[in-house]
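I have placed the structure first, in the form of structure tokens, so that the comments after it can refer back to it.
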There are 2 protein chains.
Amino acid sequence: MQVLSTTEENYLKSIFQLLKEGSEKVGTNDIAELTGTKAASVSDMLKKLAAKQLLSYQKYQGVSLTEEGAKTALLILRRYRLWEVFLVEKLKFNWDEVAAIAEELEHVKAPPLVRRLDEYLGFPKFDPHGDPIPDEFGEWSHTPRMILQEVSPGNAGKVVAVTNSSAAFLKYLDKVGIYIGARIEVVDKVEFDGSLELRVDGEKTSFLSREVAANLQVILHPS
Amino acid sequence: MQVLSTTEENYLKSIFQLLKEGSEKVGTNDIAELTGTKAASVSDMLKKLAAKQLLSYQKYQGVSLTEEGAKTALLILRRYRLWEVFLVEKLKFNWDEVAAIAEELEHVKAPPLVRRLDEYLGFPKFDPHGDPIPDEFGEWSHTPRMILQEVSPGNAGKVVAVTNSSAAFLKYLDKVGIYIGARIEVVDKVEFDGSLELRVDGEKTSFLSREVAANLQVILHPS
DNA sequence: TATGATTTTTAGATTAGTCTAAAAATAATT
DNA sequence: AATTATTTTTAGACTAATCTAAAAATCATA
């Protein structure tokens, strides 16, 4: 595992993120936008990272990560998400306040620190937004998820992810008692508008609009 | 409070440290040695920091910190020592393993992070080596301390600092059951070699050589 | 107090990361 | 298919932090 600068790590993380949510190759402009730099700077950096075997790059053709590049990105993501868990669970920050701080902390590289932090947090598998945390080998469990909106009545599961992190949305979830890890039972689904009636943690009953339920991911409990 | 680069913070911290343990002014060479750079680089940086009003500097005359510079250094020290406490108390690192990691963490500046960390740790007043932790205004309590070696029999107190952080020394303290925060009673002092007989936490009895007792600092309990 | 030793500063170069502006390549559209 | 629009790369310059080598100042001592 090579030692990378904070800057190189940030580029790698951004490229990984773009690849995950898009196509095979990412363009220079997209990377520039996400990293807050200009296309010219990105071009330079791509050459550097390609020389380090972290991505494959041919002029004008966009980039994709190599095996090693992807693994490196996953280990950065691991640090980022572990710190997110720490900030929310231990320091009691809100979900929507932790991104900037975790982005600084993720670049502290001492490997024993990451291991112990993981242990201290109880080896969490998901971060506070429900995104999976890679293990120390850069792998994560691919437990299949469903969008809450598509779960039919009678099924139960656990909320594992939120696909909209606007502060307003998160506050709303708070209000109706939904959080990452909450046990959810779909009691009924209104045909007319697609809204859902839920039981949360076996008690509280909540009604969610179709729009809200479309932004929640769950893992179903075997029934 | 200005925003400083990690590099600038490191210089400031080093200068503060040298001033604390030495004379009024520090020389360029000493700073270079402590920061792991060369005198030429230090000269450049001194100009920069002087321009920012953090230290007063006249060519060839050495430097001292301004009011603002000292306060800034104390706030860096605060972050450093809070992370030390976290690493030892929560992540279970040994005293002698935390320096390098805390030095990385100390540069994460988000002020709410520092506040919440402090709160989470229970507003500790001393770090794991017993050094005081400045408050958010850059001040610390100047409770008078004594060197354990100079405490006469019959007195009791609390261990607050260790003035030798070699791994061997720390391991030895562990073995005899002494740690920062331990309550200590001086039972007897052997005239001949200056060694001490102690009761630790009201139970265990330990014998310490003069050399060891000279490296422990305590705050006496009012008696 | 002069002279040699040491410390500090300057001058000039280097590296990583960034930028703007212009050139080159690719993509889109008439 | 040719021309225009967009994207990407290159060229050249800038900044922060560093270095080496040489000059300048201070210190120490004969």
Side-chain angles (χ1 to χ4, degrees), chain A residues 2-15 18-19 22-65 69 72-73 76 103-104 106-109, chain B residues 2-15 18-19 22-65 69 72-73 76 103-104 106-109:
Chain A
Q2 326 182 37
V3 176
L4 302 182
S5 71
T6 293
T7 313
E8 291 170 320
E9 286 194 344
N10 280 334
Y11 274 95
L12 221 48
K13 201 179 110 187
S14 295
I15 294 166
L18 288 169
L19 283 168
S23 51
E24 302 272 298
K25 302 260 177 175
V26 217
T28 306
N29 265 336
D30 298 324
I31 300 171
E33 193 182 354
L34 195 57
T35 53
T37 61
K38 294 299 166 70
S41 313
V42 174
S43 274
D44 284 349
M45 183 56 82
L46 292 183
K47 282 183 218 150
K48 245 185 86 176
L49 294 177
K52 292 190 180 188
Q53 322 282 335
L54 295 169
L55 44 84
S56 40
Y57 168 57
Q58 281 164 271
K59 281 189 197 175
Y60 296 102
Q61 298 312 134
V63 281
S64 60
L65 294 176
T72 305
I76 299 165
E103 256 159 50
E104 287 196 65
E106 80 186 346
H107 301 295
V108 177
K109 295 183 198 70
Chain B
Q2 326 180 37
V3 176
L4 302 182
S5 70
T6 293
T7 314
E8 291 170 321
E9 286 194 344
N10 281 333
Y11 275 95
L12 221 49
K13 201 179 109 186
S14 295
I15 294 165
L18 288 169
L19 282 168
S23 51
E24 301 273 297
K25 302 259 176 174
V26 219
T28 307
N29 264 334
D30 297 324
I31 301 170
E33 193 182 355
L34 195 57
T35 53
T37 61
K38 294 298 166 71
S41 314
V42 174
S43 273
D44 285 349
M45 183 56 82
L46 292 183
K47 280 183 219 150
K48 246 183 85 175
L49 294 176
K52 293 189 178 186
Q53 321 283 334
L54 296 168
L55 44 84
S56 41
Y57 169 56
Q58 281 164 269
K59 280 190 198 176
Y60 296 101
Q61 299 312 135
V63 281
S64 59
L65 293 176
T72 305
I76 299 164
E103 257 159 50
E104 288 195 66
E106 80 186 346
H107 300 295
V108 177
K109 297 185 195 69

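Keep in mind that what you see is a predicted model, and the values were worked out from it rather than measured. Residue numbers start from 1 in every chain, and the chains themselves are labelled A, B, ... in the order their sequence lines are given, proteins ahead of strands.
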Measure [atom1]/[X] against [atom2]/[N] and give the value in whole Å, please.
X	N	atom1	atom2	result
A:K52	C:dA16	NZ	C1'	10 Å
B:E33	C:dT6	CD	P	16 Å
B:K47	C:dA11	NZ	C1'	10 Å
A:K38	D:dT10	NZ	P	19 Å
A:L46	D:dT7	CG	C1'	13 Å
A:N10	C:dA16	CG	P	18 Å
B:I31	D:dT18	CD1	P	13 Å
B:D44	C:dA11	CG	P	11 Å

| said: Return whichever of A:A39 or B:V26 has its heavy-atom-nearest nucleotide of DNA chain C closer to the 5' end. | reply: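 Looking at the nearest nucleotide for each, B:V26 comes out on the 5' side.
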For a quick test of reading the model: is some side-chain N or O of [X] closer than 4.0 Å to OP1 or OP2 of [N]?
X	N	value
B:N29	C:dT8	yes
A:Y11	C:dT18	yes
B:T28	C:dT7	no

- [ ] Identify whether any heavy atom of B:S43 sits under 4.0 Å from a base atom; if not, whether one sits that close to sugar-phosphate; answer base, sugar-phosphate or nothing.
- [x] base
Q.
Mind checking if B:T37 touches a base, just sugar-phosphate, or nothing, with heavy atoms under 4.0 Å?
A. sugar-phosphate
Subject >> Electrostatic pair B:E106:B:K13 at N-O distance under 4.0 angstrom >> reply: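 Salt bridge present between B:E106 and B:K13.
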(request) State, yes or no, whether a side-chain contact exists between B:Y57 and B:L49 at a heavy-atom distance under 4.5 Å. (result)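 Side chain of B:Y57 against side chain of B:L49, heavy atoms only: no contact under 4.5 Å found.
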Margin query: Under a plain distance cut-off of 3.5 Å, with no hydrogens placed, do B:T35 and B:S14 share a side-chain donor-acceptor pair?
Written below: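 Side-chain D/A pair, B:S14 to B:T35: absent.
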Check: Within a radius of less than 6.0 Å around CD of A:E33, do more than 12 heavy atoms belonging to other residues, nucleotides or ligands occur?
Finding: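 No, CD of A:E33 has 12 or fewer neighbouring heavy atoms, counting only those of other groups under 6.0 Å.
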Proximity to the side chain of A:T7 - top-ranked nucleotide from D:dT10, C:dT18, C:dT10: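 Between D:dT10, C:dT18, C:dT10, the one nearest the side chain of A:T7 would be C:dT18.
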Could you go over nucleotides 26-28 of chain D and give all protein N or O partners under 3.5 Å, atom names and distances?
none

